[in-house]
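Predicted model, so just to flag it, every value in this text is computed and none were measured.
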Number of protein chains: 2
Amino acid sequence: MPRSGEEVRQRLQQAALELYLERGFDQTTTENIATRAGVTERTFFRHFADKREVFFDGEAQLRDVLTRAVAAVPAGTKPLPTLRAAFHEAVPLFEQNRPVTEPRSRVIATTAALQERALAKGAALVRALTDALRARGVDEQLAMLCAQVGMDTCTIAFRGWMDDPSEGLHAQLDRAFRELRLAAAALR
Amino acid sequence: MPRSGEEVRQRLQQAALELYLERGFDQTTTENIATRAGVTERTFFRHFADKREVFFDGEAQLRDVLTRAVAAVPAGTKPLPTLRAAFHEAVPLFEQNRPVTEPRSRVIATTAALQERALAKGAALVRALTDALRARGVDEQLAMLCAQVGMDTCTIAFRGWMDDPSEGLHAQLDRAFRELRLAAAALR
DNA sequence: CAGTCCGTGTCACAAACTGACAGCACGTTG
DNA sequence: CAACGTGCTGTCAGTTTGTGACACGGACTG
């Protein structure tokens with residue numbers, strides 16, 4: 001698949017990451033990125049819809065892995081256990097991407113515009129998980145709630161793992177879902 | 001014509017809402033809004049940081065009501081029941097704002113840029129709720145998880161109430177939190 | 001070899017912001 | 001009363017983001 005344009009695309013992503021790390025997102029122009037990648041500013045916008053999008057390219061892959069993992073869970077499993085299993089399935093992907101994800105997260109943490117886009121990407125993932133649950137026969141309202149809540153729980157686990165990788169992501173996931181179960185049991 | 005400032009601010013909000021409804025967010029320029037409000041484009045940016053922010057001004061009030069409501073819940077109440085009570089406390093505010101919120105939501109639903117900002121505002125609210133819970137002695141990780149999950153549950157209830165107000169927001173809240181409890185009980 | 005995509009460069013341009021400075025109404029102070 | 005500071009606005013010039021239109025050149029296809 002990789003036409004000659006795929007190389008340019010990767011160079012643009014690399015250049016953007018470098019520049020955002022060096023001088024920050026706001027101090028980097030799209031022209032800076034294009035120049036470092038050896039292309040024109042116009043070409044940058046042919047590959048990425050805007051200055052933020054260049055930072056969120058792996059999301060599609062994660063979405064595919066997660067939705068496939070949801071579909072692979074044995075039928076009859078309840079929504080939240082299904083999601084927990086799916087997230088465990090995606091752990092290798094997270095671990096493998098960590099060297100890229102870690103500096104990326106640092107940049108995002110200091111840039112409001114990137115935080116917004118990250119939230120939007122998370123919302124898209126929640127929509128995909130909602131659809132995956134509905135395909136398993138889960139009621140729409142329940143699917144929305146569980147997809148959102150499951151995603152939050154995974155995010156909490158992920159953040160804990162980023163701060164301190166020693167426990168491992170699997171353990172963080174189990175801990176977060178256990179906390180969720182206990183917290184929700186206090187309702188009623 | 002140096003108006004009091006606050007009046008100009010409200011005229012700008014009104015003009016923005018009207019124009020976004022008439023021709024859509026993307027087809028409306030900041031100059032359009034300023035002109036309809038009887039001021040200069042520069043003045044628009046003195047009151048609002050960007051074109052989206054003019055749409056999200058009530059968020060601060062909701063945040064104050066919710067954090068105060070959390071603080072007012074009897075000590076010893078667990079995090080999620082605390083939040084559920086706080087959301088019930090805010091129902092009158094939601095009901096009172098509904099005539100404004102409803103057309104606003106329609107615009108947001110059709111505009112990606114506004115959805116992003118809405119997510120960011122929701123995240124800010126979650127941070128405020130997290131702090132409010134921590135002030136009650138809740139562990140940080142647990143506070144983050146509950147604030148996020150509680151917010152999601154409230155959002156689901158809110159959406160259901162927007163689609164069909166006949167049941168009332170109180171009932172939608174109770175139903176959503178009941179679903180959350182049942183879904184989480186299936187874990188382990 | 002001719003045709004046709006596809007990615008890119010170039011140019012022109014609208015729209016979203018920002019910084020600097022000046023003016024005008026207002027209340028305060030001497 | 002007059003001088004003065006303060007807060008809001010207008011004006012102007014400028015940067016940056018993002019888009020549309022068109023032409024060039026290489027790669028693939030028939």
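- Atom pair A:F45:CZ and C:dC13:P shows a separation of 19 Å (rounding to whole Å applied).
- Note: CG (B:N32) to P (C:dA14) measures 14 Å, nearest angstrom.
- Evaluation of atom-type donor-acceptor distances gives no pair under 3.5 Å for the side chain of A:R46 against the base of D:dG18.
- Contact between the side-chain N/O atoms of B:H47 and the OP1/OP2 oxygens of D:dC8 is not found at any separation under 4.0 Å.
- Taking atom CZ on B:R23 and atom C1' on C:dA15, their separation rounds to 14 Å, with Å as the unit.
- The hydrophobic cluster containing B:F56 does not contain B:L62, counting ILVMFWY residues as joined when their side-chain heavy atoms lie under 4.5 angstrom apart, directly or transitively.
- Dashed line: the shortest gap from a side-chain N or O of A:R52 to OP1 or OP2 of D:dG18 is under 4.0 Å.
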Audit row: A:F177, B:L145, side-chain contact (heavy atoms from CB on, under 4.5 Å) steps and yes/no: CA-CA 10 Å; A:F177 273 97; B:L145 181 61; over 6 Å; no
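- Among the protein residues, A:T29 comes within range of the sugar-phosphate backbone only, with heavy atoms under 4.0 Å from sugar or phosphate atoms but none that close to a base.
- Using modelled atom types, one side-chain atom of B:R11 and one backbone atom of B:A37 make a donor-acceptor pair closer than 3.5 Å.
- Remark: B:T30 is in phosphate contact with C:dA16, judged by side-chain N or O atoms under 4.0 Å from OP1 or OP2.
- Checked by atom type and distance alone, the side chain of B:N97 never pairs as donor or acceptor with a backbone atom of B:V100 at under 3.5 Å.
- As rounded to whole Å, 15 Å separates atom P of C:dA16 from atom CZ of B:F48.
- Mapping A:R42 and A:T28 onto DNA chain D via the closest heavy atom, the residue that lands nearer the 5' end is A:T28.
- Of the listed nucleotides (D:dC12, C:dA15, D:dT9), D:dT9 has the atom at the smallest distance from the side chain of B:T43.
- At whole-Å resolution of the value, CZ in B:F44 and C1' in D:dT11 are 19 Å apart.
- The distance between atom CG of B:D26 and atom P of D:dG20, rounded to the nearest whole Å, is 12 Å.
- Enclosure of atom CD in B:Q115 by more than 12 non-hydrogen atoms of other residues, nucleotides or ligands within 6.0 angstrom is indicated.
- When rounded to the nearest whole Å, the span between CG of A:D50 and C1' of C:dA15 equals 15 Å.
- A:E41 comes within contact range of at least one nucleobase, with a heavy-atom separation under 4.0 Å.
- The distance from atom CD of B:E31 to atom P of D:dC12 is 13 Å, rounded to the nearest whole Å.
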